[in-house]
Amino acid sequence: MWSTTPPPGPPQTPPSGGAKVPWIPIAAVGAVLALILGGLGIWLIAKPDDEKPLGMDDTSTTTTTTTTTTPRTPRTPPPTANPDSFEAKLLSILPRGYDDGVCTPSSPPATGALATVDCGPASPEGGPENARYSLFADQAALDRAFDDSVAANSELFPCPNANADSPTTWHFTETPDKVEGRIACGLFNGNQDVTWTFNSNLLIGDAQGPDIEGLHAWWLKFA
């Protein structure tokens, strides 16, 4: 469907703890900035600012939109184990291919999220080495999470076989006129990165691996 050559060079080791780690305060820069920001916690949805490469323009990565959609085949998520538990609901709608115990709740969850889990490697070939998923209460909070996550990438590029820049939108093959969410492909800390939202589930996923082609193919099939 799409064709994109991933950026050259071996992937770097992802940050400690697995996927992009939200909600880490930005390190103060210099004594003056420390005085200004003293006691103020500044947080990001998916990536801390102190991990952004120098010279990165935050605004340049949040304004690119397109109506081009990525088709996907829908799947039926398993029933929620405990309807009253946000963590249980989140675990029930995760992509397939995670073994028991690979995904663990993050406490506290990402800012603005009802629940967040960090996951290790997914079993299917091409799956992410690590990923983070969060559940939100409404569309506005979900959209803010996506924008913040995408803004922290050091580079954005079209997802494989896409004819549109990242971020773009995606849909299920059976409902081509209904946008189900947004997706972006890029680099974070040298790792290939796919970030997407699933509007119907109010879910954001952020997955990293060494191969963008395999990572995107996994997303199409399992997420």
Engineer: Using the benzene-type ring in the case of Trp, are the ring centres of Phe198 and Phe146 under 6.0 Å apart?
Structural biologist: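 No: the rings miss the under 6.0 Å criterion.
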Engineer: Would you mind listing every disulfide (SG to SG under 2.5 Å) that reaches into residues 193-223, with sequence neighbours excluded?
Structural biologist: none
Engineer: Would you say the side-chain atoms of Ser166 pair up with the backbone N or O of Cys185, donor to acceptor, closer than 3.5 Å?
Structural biologist: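 Yes.
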Engineer: Which heavy-atom pair separates Pro158 from Ala164 by the least distance, and what is that distance?
Structural biologist: CB-O, 3.3 Å
Engineer: Do Leu156 and Asp165 come within less than 4.5 Å of each other through their side chains, counting heavy atoms only?
Structural biologist: no
Engineer: Partners of Glu87 by salt bridge (Lys or Arg N to Asp or Glu O under 4.0 Å), sequence neighbours excluded?
Structural biologist: none
Engineer: Taking the side chain as everything from C-beta on, heavy atoms only, tell me whether Pro128 gets closer than 4.5 Å to Gln208.
Structural biologist: no
Engineer: Can you list the residues that meet the side chain to side chain contact (heavy atoms under 4.5 Å, CB included) rule with Pro124, with sequence neighbours excluded?
Structural biologist: Ala122, Trp218, Phe222
Engineer: Would you say the side chains of Thr195 and Asp193 form a donor-acceptor pair under 3.5 Å?
Structural biologist: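 Yes, Asp193 and Thr195 have a side-chain donor paired with an acceptor closer than 3.5 Å.
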Engineer: If we count only N and O atoms by modelled type, under 3.5 Å, do the side chains of Thr116 and Ser134 hold a donor and an acceptor together?
Structural biologist: yes
Engineer: Side chains of Glu180 and Ser200: does their closest heavy-atom pair fall under 4.5 Å?
Structural biologist: yes
Engineer: Give me the atom names and distance for the closest heavy-atom approach of Val179 to Asn199.
Structural biologist: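 What the structure gives for the nearest pair is O-ND2, 4.1 Å.
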Engineer: Would the distance check show the side chain of Arg96 and the main-chain N or O of Lys221 forming a donor-acceptor pair, the cut-off being under 3.5 Å?
Structural biologist: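 Flag set: sc Arg96 to bb Lys221 pair under 3.5 Å.
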